[in-house]
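Before any comments, here is the structure.
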Amino acid sequence: MADYNFREAEKKWQAFWESSQTFNAKIDPSRTKFYALDMFPYPSGAGLHVGHPLGYIASDIVTRYKRLQGYNVLHPMGYDSFGLPAEQYAIQTGQHPAVTTEENINRYTQQLKNIGFAFDWEKEVRTSDPTYYKWTQWIFMQFFNSYYDKKEDKAQAIDGLMKAFRENGNQGVEAVCDEETPSFSAGEWKSFSEKRQQEILLRYRLAYLAETTVNWCADLGTVLSNDEVKDGFSERGGHPVERKKMMQWSMRITAYAERLLKGLEKLEWSEPIKEMQRNWIGKSIGAEMVFQVKDQEVKIKVFTTRIDTIYGTTYLALAPESELIDQLVTKEQKETIENYILTAKNRSERERLSDVKTISGAFTGSYAINPFNNEEIPIWVADYVLAGYGTGAVMAVPAHDERDYNFAQHFGLEIRQVIEGNLDQGSFPGKGGTIMNSDFLNGLEMQDAMVKAIGFLEENQIGKGKIQYRMRDAIFTRQRYWGEPLPVYFKEGVPYLIDEKDLPLVLPEVDKYLPTEDGAPPLGRAKNWTYKTDDGEYPLELSTMPGWAGSSWYFFRYMDPGNNREFVNKDIQAYWEAVDLYIGGAEHATGHLLYSRFWTKFLYDRDLVTVNEPFKKMINQGMIQGRSNFVYRIKGTNQYVSYHLKDSYETTAMHVDVNIVYNDHLDLDKFKAWRDDLAGATFILEDGKYICGAEVEKMSKSKYNIVSPDDVIERYGADTLRLYEMFLGPLEQFKPWNTNGIDGVFKFLKKLWRLYHDQDGKLDVSEETPSREELKILHKTIKKTEEDMNDYSFNTSVSSFMICVNELSSLKCNKKAILEPLAIIISPYAPHIAEELWSLMGNDRSIVNASFPQFKADLLVEDVHEYPVSINGKVRVKLPLSISLSKEEIEKAAMENKVVQKWLEAKTPKKVIVVPKKIVNIVI
RNA sequence: GCGGAUGUGGCGAAAUUGGUAGACGCACUAGACUUAGGAUCUAGCGCCGCGAGGCAUGGGGGUUCGAGUCCCUCCAUCCGCACCA
């Protein structure tokens with residue numbers, strides 16, 4: 001029997017789309033724009049596996065649907081092509097990362113084109129391309145040339161700040177800057193040397209160089225950002241990471257903390273991702289206050305969210321790293337403290353985190369004065385206090401904080417209750433409660449007590465209300481080769497930007513991709529890595545930018561990728577605005593997704609783009625995991641026993657290549673040919689078959705469970721792959737790849753093809769007018785497709801296509817008036833066969849230019865049926881398919897329904913109540 | 001510990017958002033057809049029962065004429081954060 005030749009058809013249409021530039025987007029103010037974006041991939045050496053395209057298929061379906069609705073669609077694809085794996089590979093093989101990256105990109109592109117995506121390849125970007133990173137460097141320069149103006153609550157040009165310094169010094173300036181920035185007058189500013197002025201400006205710049213505590217990964221030879229470290233190990237490769245102080249470039253993202261937090265409210269993102277960003281930003285509202293140390297000139301600043309419990313403070317605790325300890329420790333306690341700090345330091349970061357239960361600490365011997373009641377309270381050192389948060393010191397209120405309570409219990413310190421309620425062990429009055437034992441705060445509720453206590457602090461100038469964020473500034477340098485060079489040179493140890501006309505600052509050649517012998521980054525190996533200015537030749541920065549630099553603005557570059565005068569033309573950007581739908585994994589929640597928002601807000605502040613959020617709506621597709629297959633070798637033999645019989649033997653499970661297993665049945669011949677040592681394998685079968693065991697694991701080469709989309713396409717075609725990935729289940733869910741069901745969707749396509757072909761494979765289409773029944777089948781499907789598109793339920797849409805074709809098939813319907821609209825509605829999902837069908841119906845333009853058909857409600861109202869008969873004097877009528885009808889239409893349809901009419905023969909209804917969209921109540 | 005999510009046949013999953021639970025697909029069973037295919041078609045397929053019927057959406061309780069869906073509670077699994085004062 002003749003069958004659908006998907007190989008030929010798919011190649012033909014892919015070539016057609018490419019040659020006719022079907023998907024190339026152009027600005028068209030007469031049409032509404034729609035910008036759909038996928039998180040661009042890092043082109044790894046392993047190529048695409050079937051998990052990668054999941055999100056791309058979803059966005060492709062949406063964009064093809066939007067096109068049918070008349071939207072002007074931008075749907076680009078590109079590559080995040082700077083990164084560690086290419087560099088590690090270069091270290092091992094000596095091959096230039098640019099070469100392997102290029103090869104990988106070519107392979108990825110070929111694989112993506114095979115799936116028939118409606119990407120606008122003209123807009124492709126690659127972050128490692130000098131024409132691209134020229135603008136990454138340019139944007140960095142804008143950060144360097146900006147400061148954060150607190151009055152205006154936005155970033156401003158640094159020139160304005162310099163002007164203010166010249167006129168008034170920095171007293172009146174409200175700008176985000178480093179903590180210890182000294183204050184100076186206009187006269188002092190003018191008297192400063194150039195070097196001194198630059199050093200001060202550096203404390204205000206949004207990209208700045210400073211000594212920072214960083215996550216240093218010795219094995220990778222680079223620093224990592226907080227989101228690249230998991231439990232004290234590097235996210236990539238799992239190498240140990242230590243905290244270390246180093247000179248590093250940073251981005252002042254903390255200046256944007258509040259706006260990043262606020263902006264989340266309006267975004268249509270999934271709640272978990274928003275929550276993760278909120279936690280990462282970590283806003284706490286509280287107060288900062290100063291304790292005077294008794295008999296000394298030392299002050300201790302603490303941050304607390306519970307200033308209302310100030311009268312319950314019975315000790316202060318400092319982080320072991322605190323610089324104050326030296327001054328505070330008394331002679332008697334010196335040895336104890338020194339020993340303690342030593343042990344605390346020797347406990348690695350990881351131990352400290354995982355071993356929360358061990359309580360340790362030491363008394364300094366000194367006392368602080370609580371300014372509220374002039375009580376003397378002991379000052380301790382405790383490693384539950386973190387140096388990196390707040391001021392690195394806490395006021396401990398054991399009665400109302402669990403950690404303070406445990407610490408006080410352990411060392412026998414006083415526990416003083418200041419909130420009414422039962423103070424059982426381990427149960428702490430949380431948010432509410434009336435204050436007691438607290439002098440002028442007595443009788444107040446928490447909120448009022450806080451306000452009054454802060455008032456006291458401010459009156460006496462010993463503190464103030466303060467908002468504290470957990471988020472740190474983002475380290476912006478990596479000691480690696482394969483990244484964007486920073487456009488910075490050093491004069492007298494002070495950083496300066498290179499001239500804009502010298503961009504891009506192209507990555508230099510090096511002999512090896514390793515650090516230099518004296519520990520400098522790989523760029524230290526480059527010859528002539530210097531910058532010439534009128535007054536001399538200066539060394540260039542040796543570090544490169546982190547991976548997230550290029551990916552923090554690529555969504556703008558797609559709009560205007562060829563522009564060599566601007567990073568994006570502002571009119572073009574104003575048309576496309578921002579991304580309407582962003583699809584990608586949830587793993588970038590606190591990395592890429594936060595940095596992109598930060599950069600967008602900055603570019604917005606500097607009037608370079610018209611939007612302040614990059615991604616309006618986002619869907620996080622679930623990962624597709626691998627499904628490994630196993631064979632069971634009888635120990636000491638070359639004999640393999642089928643899954644259900646294995647318990648009768650002593651066996652070892654062995655991973656087997658999933659590509660030679662079908663529906664868990666092993667292909668014996670292919671198995672023997674798989675590896676040399678298996679050529680003589682024998683089998684114990686069940687029912688003549690060898691059944692393999694299976695397990696869900698991550699896809700990886702070593703587990704032989706990688707399924708390449710190329711193989712699936714070779715056997716079933718791209719449309720089947722697309723349909724099947726959608727059919728697997730809800731997009732956002734994690735699920736294992738399992739080819740067991742793929743025959744189902746493959747059959748659907750064959751069945752569809754047979755609808756319009758006769759037994760000999762000749763086209764067989766009728767021009768007859770369709771019956772009401774046939775129309776109903778079609779319009780039911782149109783409706784379902786529309787509804788599913790609104791909530792991204794692609795899996796149920798595929799089901800509805802199957803039902804539609806099954807029903808048409810049983811009616812032997814081959815009418816053009818049905819098939820033509822059917823082709824349109826399935827075209828987002830299975831574009832190749834749809835395009836083929838569309839052209840067979842005599843259309844000479846691509847189906848992409850068709851209009852999505854409108855469903856006819858009147859066809860569907862007939863499905864009215866009654867349920868249940870009567871309750872409380874009401875008849876309820878259910879209208880399953882009439883959801884978008886008007887109230888009157890539903891009412892009319894219900895009243896005309898045969899069952900209802902029959903039921904109402906004897907009785908006249910007093911009132912008909914329509915519950916919108918659902919049920920009709922007829923009261924009698 | 002805190003926060004978030006999920007829990008439905010042998011399997012992937014539906015359920016018009018409070019209205020016939022299990023659509024659709026896989027697997028399985030029986031049959032048909034045949035130049036024997038990893039092809040196609042027809043029928044069956046939650047559990048118990050010969051049957052009528054009964055029981056079923058992680059467990060228990062509640063609201064309701066009616067609960068997979070809402071409320072309370074417990075259990076399990078997954079994900080994120082984790083001495084953040």
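Numbered from 1 within each chain, the chains take letters A, B, ... in sequence-line order. Atom set for the values below is all heavy atoms of this structure, side chains included, hydrogens, waters and symmetry mates excluded.
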message: On the nucleotide B:A85, are OP1 or OP2 found under 4.0 Å from the side-chain N or O atoms that A:Tyr384 carries?
response: no
message: As a test of reading the structure: which of B:C41, B:G38, B:C26 is closest to the side chain of A:Lys751, going by heavy atoms?
response: B:C41
field: Syn or anti conformation of B:G9, syn meaning chi within 90° of 0
entry: syn
Closest contact, heavy atoms only, A:Pro398 versus A:Tyr405: O-CB, 3.1 Å
- prompt: Are any of the side-chain nitrogens in A:Lys783 or A:Glu786 under 4.0 Å away from the carboxylate oxygens of its partner?
  reply: no
task: Decide yes or no on salt bridge (Lys or Arg N to Asp or Glu O under 4.0 Å) for A:Lys784 and A:Glu787, but give the supporting numbers first.
output: CA-CA 5 Å; A:Lys784 180 79 178 133; A:Glu787 280 168 6; 5.4 Å; no
field: Non-hydrogen atoms of A:Val798 and A:Val745 that approach each other most closely
entry: CG1-CG1, 4.1 Å
task: For residues A:Leu728 and A:Trp737, determine if any side-chain heavy atom of one lies less than 4.5 Å from a side-chain heavy atom of the other.
output: yes
Listed nucleotide nearest any side-chain atom of A:Arg754, set B:C26, B:G38, B:U40: B:U40
message: Give me syn or anti for B:U17, where syn covers glycosidic angles within 90 degrees of 0.
response: syn
- request: Please tell me which of the listed nucleotides, B:A13, B:A39, B:C26, lies nearest to the side chain of A:Lys750?
  value: B:A39
message: Check A:Glu265 with A:Lys274, please: is the shortest side-chain N to carboxylate O separation under 4.0 Å?
response: no
message: Can you confirm if the aromatic rings of A:Tyr315 and A:Phe411 lie within a centre distance of less than 6.0 Å?
response: no
message: Show me, range against range, the stems involving RNA chain B, built from at least 3 consecutive Watson-Crick or G-U pairs below 3.5 Å.
response: B:1-7 with B:75-81, B:10-12 with B:24-26, B:28-32 with B:40-44, B:46-48 with B:53-55, B:58-62 with B:70-74
- request: Among A:Asn814, A:Asp764, A:Leu808, A:Leu811, find the residue that satisfies the side chain to side chain contact (heavy atoms under 4.5 Å, CB included) test when tested with A:Leu755.
  value: A:Leu808
Check: A:Ile826 and A:Leu752 side chains under 4.5 Å, non-hydrogen atoms: yes
message: On the nucleotide B:A23, are OP1 or OP2 found under 4.0 Å from the side-chain N or O atoms that A:Lys784 carries?
response: no
- prompt: Within a strict 4.5 Å, meaning less than it, do heavy atoms of the A:Glu587 and A:Met623 side chains meet?
  reply: no
task: Quick one: label A:Lys283 by what it contacts on the DNA or RNA (base, sugar-phosphate, nothing), any heavy atom closer than 4.0 Å.
output: nothing
- prompt: A:Asn406 side chain N/O closer than 4.0 Å to the phosphate oxygens (OP1, OP2) of B:C83?
  reply: no
Report each atom pair, protein N/O against N/O of nucleotides 10-12 of chain B, whose distance is under 3.5 angstrom.
| from | atom 1 | to | atom 2 | distance (Å) |
| --- | --- | --- | --- | --- |
| B:G12 | O2' | A:Leu728 | O | 2.5 |

- prompt: Nearest of B:G38, B:A14, B:A85 to any side-chain atom of A:Thr796?
  reply: B:A14
- prompt: Hey, does A:Tyr724 reach any base, or is it just sugar-phosphate, or nothing, if we go heavy atoms under 4.0 Å?
  reply: nothing
statement: Within residues 801-814 of chain A, those residues having any heavy atom closer than 4.0 Å to RNA chain B are A:Met802, A:Ile803, A:Asn806
- prompt: Considering heavy-atom distances to RNA chain B, does A:Glu271 or A:Gly390 have its closest nucleotide positioned more toward the 5' end?
  reply: A:Glu271
- prompt: Got a second to check how far A:Ile782's CD1 is from A:Ile777's CD1, nearest 0.5 Å?
  reply: 12.0 Å
query: If you check the A:Ser284 side chain, which of B:A85, B:C83, B:G80 turns out closest?
result: B:A85
Nearest-neighbour nucleotide for the A:Asp383 side chain, B:A13, B:A85, B:C83 considered: B:C83
- request: Check whether any side-chain N or O of A:Thr590 sits under 4.0 Å from OP1 or OP2 of B:G80, and answer yes or no.
  value: no
- prompt: Just wondering, are more than 12 heavy atoms of other shown residues or ligands nearer than 6.0 Å to NZ in A:Lys283?
  reply: yes
